[in-house]
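Structure, as structure tokens:
All ligand and atom numbering here is 1-based and tracks the order in the structure.
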Amino acid sequence: MAGDYDLVVVANRLPVDRVEGPDGTPSWRRSPGGLVTALEPVMQREDGAWIGWAGTPGEPPEPFDAEGVHCVGIGLSAEEVEDYYEGFSNGTLWPLYHDVIVAPNYHRRWWEAYVRVNERFAQAAAEQAARGATVWVQDYQLQLVPRMLRRRRPDLRIGFFNHIPFPPFEIFAQLPWRGAILDGLLGADLVGFQRPADASNFLRACRRAMALPARRGVVRLPDEGDRQVRAASFPISIDAVALDELARRPEVQERAQEIRRDLGDPQYVLLGVDRLDYTKGILHRLKSFEELLADGRVQVGEAVLVQVATPSRERVDQYVQLRQDVEVTVGRINGTYAEIGKAAVHYLHHSYGREEMAALFLAADVMLVTSLRDGMNLVAKEYVASRYDEKGVLVLSEFTGAADELGQAVMVNPHDIDGLKDAVIRALHMPAREAGRRMRAMRRRVREHDVQRWAASFLEALDGLGDQAGTAIDLTGSPAAGVAR
Ligand code: GDG
């Protein structure tokens, strides 16, 4: 029952969005995500297939080819979208894995849907993968797929990458289905995480919940002939060169100047760009800015905060609540401090094109990334990659994966509002030479560790494991992955 594809990516979403032409004819356009950028070259070279949900409930589209990738759609009923996606993925796992910032909900019906949908993804992967192929499963929505796939196809080489944090065992232990999730992941040959700390948390969970020998980045499975599963960190990144080039375009630079003019030519532009998600620390950011205005340490007209909050998961209760809280807070700040023609906060609840994002990054003197917990945070890296002029200061939460790499940012603990306020003032007043030195160092890091290198290092590590007859994958660059203890 083997298929034709030597490399199969399994992700919650397909790498394309459905668009309708003026006459109503549907077509597929590449979605802007980093994962697509990272994998596109290798998918094209390796005869790759991509398995994912098309993003709307109902029957899946027929398999189709787009941008050199064979796309296989998975169908989800409206009820499965509610239970598997909004429910178990985003109402249980997402808050649990982000240190229970909000309380996770545990519902057996959600779990049953998660199992059922994971089976469907695993079955599709089993049908597409050629004998000895490599299958790369992405993220927390599909943690059971590695095991389900191995049962069907023991000949495959299976990798899994978790884009969000893996929590400490004391938190993970809450999950009623913790053993099943770990067993699901242990179906893989290689389990990748953003930070070494996430890999360590996973290994500890294997020891504590499964009583398995798990040391020095390897879990041994005595019941499976001592098969070994490797766990390591592979910090994800962005297409740094593409963003640098975009930011250098004259029309993007002009747009950046126009944005500053439209904001009333303030001395300081502060910027936040996030999905509207409670993990991103948007309320903490707003509170510190409000207090700086109240204390008179920044003045309206002199400084303005632009907050892009991209709509996200709008049917999940906690996101409805967050949106209300953010909008009440922005309204209060502007009501109290704004003057006619001089807003304190520009709150933008929409998503923008890549050019506009690059122009916003260029227009911002200070970028505020204040996540309470974040697997990586690509926005921090995107800001750095756009600043070809070596200007601008990044204020970065220590609770992001990016903080492991961007040590020259102004680091903050977003829970410490006084510390956050001081960090913002420090960023606003940082001498240009110091800001330039820090930005140069961060730019070097992001350029050298880009998303292509991330994908190559994961696939190389996977390819170098085990004795299954995997197809060798031709990749350039050979960065060492971090091994967790
Ligand atoms: C998860 C993990 C991890 C946002 N608004 C617009 C827009 N974006 C783009 C950003 C960035 C991406 O979306 C968001 O990535 P982040 O990494 O910041 O955050 P999550 O969405 O939470 O992603 C995270 C990531 O997976 C990858 O592994 O880093 O920790 O939570 O690229 O630029 N892009 C455009 N318009 C918008 O309005 N074009």
Legend entry - Numbered atoms of ligand 1 (with element) below 4.0 Å of Gln194, judged on heavy atoms: 3 (C), 28 (O)

Inset, instruction - Check the angle between the aromatic planes of Trp111 and Trp177 and answer parallel, tilted or perpendicular using the 30° and 60° thresholds. - result: parallel

Inset, instruction - Apply salt bridge (Lys or Arg N to Asp or Glu O under 4.0 Å) to Asp277 and Arg275, showing your working. - result: CA-CA 5 Å; Asp277 193 295; Arg275 273 188 310 100; 3.1 Å; yes

Legend entry - Enclosure of Arg440 CZ (heavy-atom neighbours >12, cutoff 6.0 Å): yes

Inset, instruction - Examine Tyr352 against ligand 1 and note whether any of their N/O atoms are separated by less than 3.5 Å. - result: yes

Legend entry - Candidate with minimal heavy-atom separation from atom 16 (P) of ligand 1, of Val451, Leu378, Ile164, Asn162: Leu378

Legend entry - Numbered atoms of ligand 1 (with element) below 4.0 Å of Val379, judged on heavy atoms: 10 (C), 18 (O)

Legend entry - Any Trp94 heavy atom less than 4.0 Å from ligand 1: yes

Legend entry - Contacting atoms of ligand 1, where contact means under 4.0 angstrom from a heavy atom of Arg275: 20 (P), 21 (O), 22 (O)

Legend entry - Under 4.0 Å to a heavy atom of Gly375 - the qualifying atoms of ligand 1, by number: 30 (O)

Legend entry - Mutual orientation of the aromatic rings belonging to Trp136 and Trp454 [parallel < 30°, tilted 30-60°, perpendicular > 60°]: tilted

Legend entry - Atoms in ligand 1 flagged as close to Asp374, the criterion being non-hydrogen separation under 4.0 Å: 24 (C), 30 (O), 31 (O)

Inset, instruction - May I ask you to decide whether Asp244 forms a salt bridge with Arg447, counting only side-chain N to carboxylate O separations under 4.0 Å? - result: no

Legend entry - Close approach, Lys280 and ligand 1, non-hydrogen under 4.0 angstrom: yes

Inset, instruction - Heavy-atom contacts with Glu382 under 4.0 Å: which atoms of ligand 1 show up? List them by number with element. - result: 10 (C), 11 (C), 32 (O), 33 (O)

Inset, instruction - Show which atoms of ligand 1 fall inside a sub-4.0 Å distance from at least one heavy-atom site of Ile236. - result: 27 (C), 28 (O)

Legend entry - Check: Asp404 and Pro196 side chains under 4.5 Å, non-hydrogen atoms: yes

Legend entry - Arg13 to Trp50, cation-pi by 6.0 Å centre distance and 45° axis angle: no

Inset, instruction - Just say parallel, tilted or perpendicular for the rings of Phe169 and Phe172, cut-offs at 30° and 60°. - result: tilted

